[in-house]
Every structure is written in structure tokens, then in C-alpha cells.
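Within every chain, numbering begins at 1; the chains are lettered A, B, ... in the order of the sequence lines, protein sequences first and strands thereafter.
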Number of protein chains: 2
Amino acid sequence: MIVRQAANVLEIMEFFAQTRKPATLAEIADHFGWPRSSTFNLLATLSEKGYLYEPRPRAGFYPTPRWLAMARLISEVEPLPPWTHTLIAELSAETGETASIVAPAGVMAVFIDVVESQAPIRYFATVGHRVPIHATASGRALLLQYSPEERDSVYRKIEFKQYGPSTPISIEAVEIELRNSIERGYCVSFADYSRDLAGAAIPLPIGDRRLSVVVAGPEFRIGPKIAEVAALIARTVDRLRPKGPG
Amino acid sequence: MIVRQAANVLEIMEFFAQTRKPATLAEIADHFGWPRSSTFNLLATLSEKGYLYEPRPRAGFYPTPRWLAMARLISEVEPLPPWTHTLIAELSAETGETASIVAPAGVMAVFIDVVESQAPIRYFATVGHRVPIHATASGRALLLQYSPEERDSVYRKIEFKQYGPSTPISIEAVEIELRNSIERGYCVSFADYSRDLAGAAIPLPIGDRRLSVVVAGPEFRIGPKIAEVAALIARTVDRLRPKGPG
DNA sequence: TGAAAATGTACATATATGTGAATTTATATG
DNA sequence: CATATAAATTCACATATATGTACATTTTCA
């Protein structure tokens with residue numbers, strides 16, 4: 001069950017992140033199609049908690065820097081080592097496609113760092129973006145790091161859907177694809193989940209964290225050179241990952 | 001009216017900002033005294049929207065870097081000029097007290113940047129902290145920048161409460177205090193709102209934004225030297241604020 | 001200056017939502 | 001390996017909550 005008002009808080013923040021300017025109650029209500037009274041209650045709540053203020057009289061609300069302060073505190077903890085960002089930056093630069101670091105979230109995989117392609121036609125993804133763990137290259141690169149028992153427990157929660165012609169729609173299909181990935185040396189996906197989208201990924205364990213790196217883009221562009229891309233990912237990881245014990 | 005689930009989202013985030021480590025559903029539910037089922041719904045909502053993930057299997061939830069990405073976008077807009085942070089850093093260092101930049105939010109004043117005192121006994125405030133605009137030094141330094149009409153419209157919304165012995169509990173009392181502040185050259189508050197707390201503040205208009213700087217601490221420590229502190233604030237602002245037109 | 005329009009606020013009520021109890025799944029223990 | 005214990009999930013129902021309506025305030029424009 002979705003908690004509507006919790007989701008609304010996030011929507012309001014995303015709204016401000018997009019518009020980047022103060023907005024009045026009426027503007028926000030109209031934008032979302034919410035009743036004024038409800039919008040009023042929400043804004044009042046956020047204000048009372050110190051997350052919204054009125055930069056100028058009658059010019060509307062805007063988030064306080066408290067969001068930033070909180071987000072910084074939260075993200076200071078086991079941040080990704082800096083070389084992982086260099087990694088996807090280089091990969092994106094060299095391939096011209098979107099590169100990301102991905103982490104598990106139940107039956108989904110979450111993008112936790114992204115460098116977007118600069119091409120006009122590109123894979124559009126942002127930090128926080130989620131995709132099914134079993135139907136994507138990045139997700140399967142995570143599953144490869146699980147024990148068979150752990151994979152089983154994930155499998156049982158998956159609702160297998162036919163997202164595209166090649167989506168694996170059974171546990172066996174996923175397991176087969178995982179075995180193929182091991183032989184191949186990397187994970188791939190050709191529109192398994194998103195139409196026209198192809199990608200290559202490899203596991204990226206860091207400490208005891210199970211992550212993966214993925215490079216993804218339009219099928220027609222990345223498809224023909226998927227093996228090269230995968231090799232590039234592997235080489236770049238080798239080069240950038242600090243050597244030695246620990 | 002407080003929107004409960006909106007407030008809960010904020011509480012969860014603050015919880016993570018404090019503990020700085022993943023937490024399981026049960027831990028979160030117990031911490032807040034929420035029913036497991038409700039907690040489940042909330043966590044599911046935040047996860048589905050890409051704001052929570054599971055860093056390690058069965059080790060609980062933690063916020064994704066999406067919070068940081070969003071907060072950065074939001075705070076990039078008209079950030080405070082860097083010298084304002086230098087200002088409160090210096091003031092805090094020199095006085096040993098807590099120094100802050102404050103902005104209006106209706107009948108309240110919000111702390112939008114804070115450098116805390118290092119003293120064991122100190123004024124504890126964080127970014128986002130809110131205080132009544134009429135019953136605090138920092139708030140009155142904001143009111144000084146309003147036109148009489150604007151002040152009137154604020155006054156009408158204030159619920160005058162006797163927070164302490166010296167709290168102004170009428171429009172006239174506030175106006176008198178404002179006039180005194182102008183003569184004095186700075187605003188003060190002696191436990192007008194918070195017990196044992198005293199502070200000195202001056203207006204800090206930046207562009208068309210109405211802000212104020214305040215230095216606050218325990219009454220016994222800051223009270224005797226309040227005039228010096230105020231003078232220091234004024235001098236430091238003069239020194240740091242860029243000169244010239246604009 | 002005054003009247004109309006837009007915006008913000010309060011409140012009672014119907015209903016969408018949170019929750020207790022039941023069920024399933026995972027982990028610990030003998 | 002079986003059983004006990006704890007955690008996660010589901011679901012139906014009572015209730016806390018979002019909203020329609022009415023009112024107040026502010027702004028716009030003739």
C-alpha cells in the first residue's frame with residue numbers, strides 16, 4: 001500500500017528540485033491538482049517541521065537548507081569511494097553512453113550514482129532510479145554475488161512479468177541467464193525490461209557491499225559493440241580499483 | 001492540521017541522519033512506537049519512490065543518495081554568498097557562542113545557517129530551527145526590514161503567548177521593542193522566548209532578501225557583554241560584506 | 001477608490017487510510 | 001534437521017484524515 005501523503009512530500013520536493021524557485025500554495029495545488037485545503041495542510045506541516053520557509057513575503061514557499069544538511073549527514077556514511085565515480089565518468093566519456101553504479105533493494109536494483117550520456121538520444125536515468133533485479137544487466141550482476149539460498153529468497157518475491165520479448169519469466173530462465181553471464185564474463189540485457197535499451201554490467205563488490213557497474217544506451221548503438229563495452233568496463237575497473245589487501 | 005504521514009517521512013529521515021546506519025523495519029517501528037504494518041507501508045512507499053534501499057540483504061533500509069542529489073539541486077538556487085558562512089564562523093569563534101543566519105517564514109524565523117558554539121553549555125540550534133519572529137532578537141532584526149503594513153499583516157497572525165517574563169505580548173509591546181532596537185543599534189532578547197537564552201542580532205539584507213545575523217548563548221555568559229557582541233557583529237559584517245554597487 | 005478576483009484559512013463530514021489480528025516467511029536453538 | 005521464535009507481509013474494518021464548502025484576507029484592475 002502506498003502512503004499517499006508520504007509520497008506527496010517526495011513529489012513536492014521533486015517539484016522544487018525541478019522548478020528551483022519559490023512557489024505559492026495555489027501554484028503547487030494547481031500543479032498537482034490537489035485541493036487547496038489539502039495542499040495547505042501539507043505545506044503547513046513541512047513548514048512547521050522547518051523544511052519550508054518563505055524567502056520573501058508573499059512570494060511563496062521554498063525548501064530550507066535543512067534538507068541539504070540532513071542529506072549530507074546521511075550520505076557521509078560509507079560513501080562510495082571516489083574512484084567509483086571516476087569509473088563511471090570515464091566509462092560514460094569513452095562510450096558516450098550512460099554509466100551507473102547500482103545497488104540491491106529487494107527485488108529491485110537502485111541506481112546510486114549515475115553519469116549520463118551527452119548524446120541527444122540516450123538512456124535517461126537518475127540516482128534513485130529502480131529497475132527489476134532479474135530483468136536487467138545491472139541487476140543480474142548483483143544476483144551473481146548472492147548465494148543460491150539468497151537468490152531463492154529473492155526469486156520467491158519476484159512477480160515475473162513479460163516487460164519485453166526477451167524478459168526471463170521464470171526462475172529457471174533467470175538462472176540460465178546467470179550461468180550464461182558467468183561464461184560470457186559479463187551480464188547483458190537487450191530490452192529485457194526497457195524498450196530499445198541495451199546494457200552491459202559486471203559485479204562490483206566493495207568491502208562487504210554488493211554493487212555493480214553498468215553501461216547502457218539505445219540498442220542500435222550499443223548492441224553491436226556490447227562485448228567491447230564489457231571489456232572496457234572490466235579494464236577500467238582493474239585500472240581504477242585500489243590494489244592490495246582490504 | 002498536521003499531516004501525520006508527511007511528518008513521519010521527515011522523522012524517518014531525521015532518524016537516519018542521527019543513527020547513520022541501516023535499520024530494519026522492526027527497529028524503526030520500535031523506535032517510533034509505530035505498528036509494524038504502518039511502518040511497512042511507509043518504508044515500502046519510500047523504497048518504491050527510490051529513496052530507500054537495502055545496502056545488504058537483511059541488514060535493513062538506508063536512504064539512497066537521491067536525497068542528496070535532490071537537496072543539492074534545491075540548494076543550488078540563490079545560495080547564500082560564501083561570506084555569510086565566514087561571518088557566523090568568525091562570530092562563533094570570537095564569542096564562543098552559537099551564531100546563525102536567519103530568514104522569515106510567516107510568523108516564525110528560520111535558521112538557515114548555523115555555526116554552533118563549542119562550549120559544553122551552549123545554545124543548541126540547527127538549520128531549520130524555528131522561533132517566533134516577534135519574540136526573538138533574530139526575528140525582530142527581520143521585522144525591522146518590513147514596511148509598517150507588512151508588519152501589520154504579520155502581527156495579525158501572531159498568537160501572543162507569554163513564553164517568558166519578558167515576552168512582548170501585544171502588538172504595541174513589539175513595536176516599542178523595535179523602536180528601542182533602532183535607537184540601540186541592534187536587537188536583543190533576554191529569555192523572551194527560550195529560558196536562560198540571550199542573544200544579539202542585526203538585520204542582514206542581501207539583494208532583495210531579508211535576513212538577519214544572530215549570536216546567542218546562555219544569559220549569564222552573553223548577557224554582561226551583549227553590547228560588545230552586537231558591536232562585534234556589526235564590525236564583522238562591515239569587514240566581510242563585499243563593497244560597491246549591487 | 002471600490003468592486004471583483006485570487007489566494008489563504010477553518011471546519012464538519014464522508015471516505016480513504018492506518019492498524020490489529022492473522023498468515024507467511026526467515027532465523028535461532030535444541 | 002525439526003521446532004520455536006522472531007520478523008515481515010497481507011487484509012478487512014473502524015477511525016483518523018483529506019477534502020468540499022464557506023469564510024476571510026489580500027491583490028488586481030477599472
Side-chain angles (χ1 to χ4, degrees), chain A residues 1-12 22-48 52-62 104-108 146-159 171, chain B residues 1-12 22-49 52-54 56-62 104-108 146-159 171:
Chain A
M1 169 193 266
I2 281 274
V3 181
R4 174 117 54 105
Q5 294 292 25
N8 287 352
V9 170
L10 304 174
E11 303 247 308
I12 285 201
T24 63
L25 187 154
E27 284 166 355
I28 296 173
D30 291 350
H31 178 265
F32 290 106
W34 295 340
R36 295 263 162 106
S37 48
S38 315
T39 308
F40 174 76
N41 291 336
L42 236 193
L43 294 180
T45 302
L46 293 177
S47 299
E48 265 188 41
L52 240 40
Y53 76 123
E54 292 147 80
R56 299 158 239 271
R58 268 173 254 107
F61 295 86
Y62 199 73
V107 300
M108 304 297 271
Y146 284 37
S147 72
E149 294 75 30
E150 289 173 322
R151 283 208 302 281
D152 269 345
S153 104
V154 171
Y155 289 154
R156 254 172 278 134
K157 293 179 194 158
I158 293 178
E159 243 195 301
I171 296 180
Chain B
M1 169 193 267
I2 280 276
V3 180
R4 172 115 58 104
Q5 293 294 25
N8 288 351
V9 169
L10 304 174
E11 303 246 308
I12 284 201
T24 62
L25 188 153
E27 285 166 354
I28 296 172
D30 291 350
H31 177 264
F32 290 106
W34 295 340
R36 297 255 163 118
S37 48
S38 316
T39 309
F40 174 77
N41 290 336
L42 236 194
L43 294 181
T45 302
L46 293 177
S47 299
E48 264 188 41
K49 286 239 147 204
L52 241 40
Y53 76 124
E54 293 148 75
R56 300 159 237 272
R58 267 174 253 107
F61 296 86
Y62 200 74
V107 299
M108 305 296 272
Y146 284 37
S147 71
E149 294 76 30
E150 289 172 324
R151 284 208 301 281
D152 269 344
S153 104
V154 170
Y155 289 153
R156 255 171 278 134
K157 294 178 193 160
I158 293 178
E159 242 196 302
I171 295 180

Distance in angstrom units between A:I28 CD1 and C:dT9 C1', rounded: 16 Å

In whole angstrom, what separates B:Y155's OH from D:dT25's C1'? 19 Å

Just the rounded figure in Å: distance from C1' of D:dT17 to CG of A:N8. 13 Å

In whole Å, what is the span from the CG atom of A:L52 to the C1' atom of C:dG8? 15 Å

Give, ordered by number, those residues of residues 32-48 of chain A having at least one heavy-atom distance below 4.0 Å to an atom of DNA chain C; if nothing qualifies, reply none. A:R36, A:S37, A:F40

Just so I know, are the side chains of A:E27 and A:T24 near enough to count as touching, which here means a heavy-atom distance under 4.5 Å? yes

Side-chain N,O (B:Q5) to OP1/OP2 (C:dG18) below 4.0 Å: yes

With heavy-atom distances below 4.5 Å as the criterion, would you say the side chains of B:L42 and B:W34 are in contact? yes

With nearest nucleotides of DNA chain D determined for B:R4 and B:R156 from heavy-atom distances, which residue corresponds to the more 5′ nucleotide? B:R4

Whole angstrom value for the distance that separates C1' of D:dT27 from CG of A:L25: 16 Å

Taking C-beta and beyond as the side chain, do B:Y146 and B:P104 meet within less than 4.5 Å on heavy atoms? yes

Between A:I158 (CD1) and D:dT9 (P), how many Å, whole number? 14 Å

Rounded to the nearest Å, what distance is computed from the CG atom of residue A:D30 to the P atom of nucleotide C:dT7? 7 Å

Rounded to whole angstrom units, what separation is found between the CD atom of A:E54 and the P atom of D:dT26? 14 Å

Quick one: does B:V154's side chain get under 4.5 Å of B:E150's, heavy atoms only? no

Those residues at least two apart in sequence (or on a different chain) that pass salt bridge (charged side-chain N to carboxylate O under 4.0 Å, His left out) with B:E11 are A:K49

Closest nucleotide of DNA chain C for A:S153 versus for A:V3: which of these residues is on the 5' side? A:V3

Indicate yes or no: at least one non-hydrogen side-chain atom of B:V9 is less than 4.5 angstrom from one of A:V3. no

I want to check something: taking the side chain as every heavy atom from C-beta on, are A:Q5 and B:T45 in contact at a cut-off of under 4.5 Å? no

For B:T24 and B:K157, take the nucleotide of DNA chain D holding the closest heavy atom to each; which residue's nucleotide lies nearer the 5' end? B:T24

